[in-house]
Chemist: 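Starting off with a structure, shown below.
Letters go in sequence order (proteins before strands), and every chain restarts at 1.
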Amino acid sequence: MDLSKLNEMQQKAVRTVDGPVLILAGAGSGKTSVLTNRIAYLIEECGVDPYNILALTFTNKAAQEMKERVERLVDADLRFMAISTFHSVCAKFLRYDAELLGYTNSFTIYDSDDSLSLIKRLCKDDYYYGIKPAAARHLISRIKNGLSSENEAVEGLPEELNRRMKRLFEAYNEELIKENAMDFDDLLLNMLRLLKENEGLREHYQERFRYVLVDEYQDTNRIQYELIRIISEKHRNIFVVGDDDQSIYGWRGANIENILNFEKDFPGAAVIKLEQNYRSHQKILDCANAVISRIENRKDKIPWSARTEGEKVKLYYAPNEYSEGEFIARKIKEIREKGIQYRNIAVLYRTHTQSRVIEEKLRMYGIPYRIYGGTSFFERKEVKDIIAYLTLINNQNSDMALLRIINVPRRGIGQTTITRLTEYAADADMSLFEACLNCDTVGGAAMSKIIAFMELMNDLMERSHEMGPSELIDEIIERTDYRSTYEDEERDVRDARDANIEELKTAAMRFEAEDEDNALTEFLSSLSLITDTDTMDENEGVTLMTLHSSKGLEFDTVFISGLEEGLFPSSRSVDEGRIDEERRLCYVGITRAKDRLFLSRSLSRNMYGSGPSDTMPSRFIKDIPARYLEDLSTVMRREKTDLFDSPRKETVRPGFSFRKKAEFVPKATENAMDFKIGDTVEHNAFGRGKIISISGTGDQRIATVQFMNQQRKLFLAFAPLKIVED
DNA sequence: ACACTGTGAGTTTTT
DNA sequence: CTCACAGTGT
């Protein structure tokens, strides 16, 4: 095999086949090449069967890319090689043995949105009053990842609330099992449980995976660490690649200790450092090193550039965020004229909210852009609705899915009915779906509607055996008249929704050719594990994304915007002692750039509509020696006088508000008013009109009134109506 | 049952 | 500011 394109250290990394190996791969040091070449080397030179290889990544995109690159390097059947994300691998293996854990093999994967709405549902119970669902979700995840103990009190929370939190944790897990669903953490946790508790399975996987490779090792959490440890226990061929300086997911459980302690955890480990950087020129690396070297506990690495010196890094202070955006737009135009394609340019920011102003300016300058993150395709309402239908067809225990669509499109099943069903289901210890099947016992006014819904679902479930997911989607749309849910929207909104559904169908088609039986399960599984950057297309356009999602990518030109204290580093991270992670995030951002790097800051910023306020420069700017930087600012620098010479901006609020109007309060006594068909009436808002018809009794008496320009149905008991004598 | 309105809360990052 | 939710009106 030809390894001549690799440098000495890279070759060593590829050839060190046996035993534990830690590769400390600095940014841009060619770690993907090392990984793919090593896999190829194992297959070609060492005669390893691809079936015995397990390669784990964090994103589907990375897995995909790795697989493609290996395919190009070797001439072997790779269908049985496991190159995939931690979560997908676990989901896949769990489907074989789900029964051992009390699940069926078509269990549903709940994403974090789903988890949240499940928690909200549980929190409706008065017992959990005072618990914030989002906080609870975070805590539950921490507990599952072994970061908090179930019994450990949450600081600052009263004892009573802690007890309830613990109960909520249990209730949440019970409910998941009842709904035949796993959340993201469960995928890893249950796989680990299976391996720990079932000797046969453990030995099976240990025997199978003679070579285990892990990408982005610095991002593994405790469960992932335990997983790879147990799987590689037998053959001890564990090869991890990572960069402690790029650990930026600590807040969601990534444990930087995993990489820092690798040599201790896996005695006899070989450690190979890849310090030569092929991506950025030296000036950019100098800046990156200036920022990262302030961290105390890190693996010592000195990335050096294999390239020649380049231009200095540019710094720009803008008076406000609009001119910051304008600066970025103008520079992009300039660079474009030098022949750089838009797709090789990226604008990075700390928070999604910053993108709006930048987008505005790019549009103004006619610069095409692609934006990642925010509400993704799979979070669109119509997409989620259709997925919920599919989920329910696939797994009738998913109350989550049922609740989402039981009244979408509207079929007259409202809150009262749902509460009734929920209570019945809880008493009888059954799913909502079963409760619906028993709706004749449940009673209630909407019974016939539930029966109709159940008949619809029943039909769809039958059809699901005869057709693939994409046809099934058509069937759902048609049978439910789903389009009626958005018939009142604007034309282009309707078109967009249609297009999204079509897109979903296209995605579904990929699963049809293969195993027909599991197509639906597989499709749903892949949908829950997909991410935004996975669907990145190669179309022309400047890339706008958060610093986090930029990890692993590279661009000719990179703009990092909003370098301000409080924003980047975020005040929250500073407050919570996670400044090092912000620093690493900055390092990640800087090292995305190959040729040109722009750092910008706005002297004043409008944070969530409370009016513009002055900012302080990010400490990261101050960490970079001035000799590495070229200041392009045109505004006066006035750091020291900031407090004095900017206009006092006391937020002016009107002392009174026009919001509250004198209200017409209908009195019950006015019910006594005897409305008759043909009466002329006066309405507070609509003016004069004539009663055309009256129906209903008591509080539910409704009059249809023809006003000047419109006809309205009004509750006589509530409407501000008076009879006018004429 | 549902649409609408006003209020309150929360704004980091995501498999 | 923008979203989600509760409360209110029909």
Side-chain angles (χ1 to χ4, degrees), chain A residues 56-63 84-91 109 111-113 116-117 120 132-135 141 145 183-185 187-188 216 219-221 223-224 248-254 348-354 356 372-376 379 407 410-418 445-446 449 488 528-534 545-551 562 566-573 576 578 581-582 584-585 588 606-611 657 659-660 663-666 683-686 696 699-705 712-721:
Chain A
L56 296 165
T57 64
F58 276 83
T59 66
N60 297 299
K61 189 168 177 269
S84 153
T85 64
F86 274 95
H87 289 85
S88 333
V89 151
C90 290
I109 300 169
D111 65 21
S112 19
D113 273 355
L116 189 62
S117 63
K120 277 182 188 160
K132 288 185 207 140
S141 179
N145 282 300
D183 65 16
F184 282 151
D185 297 322
L187 291 174
L188 305 175
E216 308 278 17
D219 286 336
T220 48
N221 65 25
I223 307 297
Q224 287 160 335
I248 56 174
Y249 286 115
W251 51 272
R252 71 169 207 224
L348 309 180
Y349 35 75
R350 181 65 232 269
T351 64
H352 281 306
T353 44
Q354 289 168 252
R356 239 195 44 229
Y372 297 99
T375 34
S376 75
E379 284 162 10
N407 201 31
R410 303 248 138 83
R411 29 177 94 88
I413 303 174
Q415 199 46 59
T416 343
T417 312
I418 288 168
K449 290 159 183 166
D488 293 338
S528 356
L529 298 173
I530 215 157
T531 63
D532 237 42
T533 31
D534 289 339
M545 56 167 57
T546 62
L547 287 145
H548 279 90
S549 31
S550 76
K551 197 178 66 161
L567 183 61
F568 187 34
S570 114
S571 50
R572 203 155 146 186
S573 297
E576 290 168 21
R578 292 197 310 268
E581 189 152 307
E582 295 286 306
R584 292 192 288 266
L585 189 57
V588 166
N606 195 344
M607 300 280 254
Y608 25 89
S610 54
S657 152
R659 229 187 263 133
K660 280 189 181 144
E663 279 158 56
F664 179 94
V665 184
H683 185 277
N684 251 20
F686 304 130
D699 272 6
Q700 302 294 304
R701 247 162 91 84
I702 297 167
T704 309
V705 183
R712 292 240 149 204
K713 286 190 196 303
L714 306 170
F715 279 87
L716 287 172
F718 307 112
L721 271 186

Chemist: Within the structure, does a side-chain N or O atom of Ser549(A) lie under 4.0 Å from either OP1 or OP2 of dT14(B)?
Modeler: yes
Chemist: Do any side-chain nitrogens or oxygens of Thr546(A) fall under 4.0 Å of OP1 or OP2 in dT14(B)?
Modeler: yes
Chemist: Please examine the side chains of Gln354(A) and Leu567(A), heavy atoms only from C-beta on, and report whether any two atoms are closer than 4.5 Å.
Modeler: yes
Chemist: Can a side chain N or O of Asn221(A) be found less than 4.0 Å away from OP1 or OP2 on dT15(B)?
Modeler: no
Chemist: When you measure from the side chain of Phe184(A), which nucleotide among dT13(B), dT15(B), dT11(B) comes out closest?
Modeler: dT15(B)
Chemist: For Tyr249(A) and dT13(B), say yes or no: do the ring centres fall under 5.5 Å of each other while the ring planes differ by less than 30°?
Modeler: no
Chemist: Please state how far atom CG in Leu567(A) lies from atom C1' in dT11(B), giving the value in whole angstrom units.
Modeler: 12 Å
Chemist: With heavy atoms under 4.0 Å as the rule, sort Lys120(A) into base, sugar-phosphate or nothing.
Modeler: sugar-phosphate
Chemist: Between Phe86(A) and Phe58(A), how do the two ring planes meet: parallel, tilted or perpendicular, split at 30° and 60°?
Modeler: tilted
Chemist: For DNA chain B, whose closest nucleotide is more 5', that of Arg578(A) or that of Gly414(A)?
Modeler: Gly414(A)
Chemist: Could I get the full list of side chain to side chain contact (heavy atoms under 4.5 Å, CB included) partners for Lys132(A), not counting sequence neighbours?
Modeler: Ala135(A)
Chemist: Does Ser528(A) place a side-chain N or O at less than 4.0 Å from the phosphate oxygens OP1/OP2 of dT15(B)?
Modeler: no
Chemist: Could you tell me whether the side chain of Leu529(A) reaches within less than 4.5 Å of the side chain of Leu187(A), counting heavy atoms only?
Modeler: yes
Chemist: Would you say dA9(B) has OP1 or OP2 under 4.0 Å from some side-chain N or O of Lys132(A)?
Modeler: no
Chemist: Between P on dT15(B) and CD on Glu216(A), what's the gap in Å once rounded to a whole number?
Modeler: 13 Å
Chemist: Between dA4(C) atom P and Asp113(A) atom CG, what is the distance in whole Å?
Modeler: 10 Å
Chemist: Can you measure Ile413(A) atom CD1 to dC2(B) atom C1' for me and round it to whole angstrom units?
Modeler: 15 Å
Chemist: When you measure from the side chain of Arg410(A), which nucleotide among dT2(C), dA3(B), dT15(B) comes out closest?
Modeler: dA3(B)
Chemist: Report the distance from atom NE2 of His87(A) to atom P of dT14(B), rounded to the nearest whole Å.
Modeler: 14 Å
Chemist: Just to be sure I understand the rule, does Arg584(A) reach a base, reach only the sugar-phosphate, or reach nothing, if contact means heavy atoms closer than 4.0 Å?
Modeler: nothing
Chemist: May I have the distance from Phe86(A) (atom CZ) to dT14(B) (atom C1'), rounded to whole angstrom?
Modeler: 16 Å
Chemist: Check whether any side-chain N or O of Lys551(A) sits under 4.0 Å from OP1 or OP2 of dT14(B), and answer yes or no.
Modeler: no
Chemist: Taking only the side-chain heavy atoms of Thr416(A) (C-beta and beyond), determine which of dA1(B), dC2(B), dT14(B) contains the nearest atom.
Modeler: dA1(B)
Chemist: Could you check whether Ser88(A) gets within reach of a base, just the sugar-phosphate, or nothing at all, counting any heavy atom under 4.0 Å?
Modeler: nothing
Chemist: Could you tell me how far apart His548(A) (NE2) and dT15(B) (C1') are, to the nearest whole angstrom?
Modeler: 13 Å
Chemist: So does His352(A) get a side-chain nitrogen or oxygen closer than 4.0 Å to the phosphate oxygens (OP1/OP2) of dT2(C)?
Modeler: no
Chemist: Evaluate the ring planes of Tyr249(A) and His548(A), with Trp represented by its six-membered ring, and classify them as parallel (under 30°), tilted (30 to 60°) or perpendicular (over 60°).
Modeler: tilted
Chemist: Expressed in angstrom and rounded to an integer, what is the separation of Leu187(A) atom CG from dT15(B) atom C1'?
Modeler: 9 Å
Chemist: Looking at dT14(B), dC2(B), dT2(C), which one has an atom nearest to any side-chain atom of Asn407(A)?
Modeler: dC2(B)
Chemist: Do any side-chain nitrogens or oxygens of Thr417(A) fall under 4.0 Å of OP1 or OP2 in dA1(B)?
Modeler: yes
Chemist: Heavy atoms, side chains only, cut-off 4.5 Å: are Thr417(A) and Asn407(A) in contact?
Modeler: no
Chemist: Using heavy atoms to find the nearest nucleotide of DNA chain B for Glu582(A) and Gly412(A) separately, return the residue whose nucleotide is more 5′.
Modeler: Gly412(A)
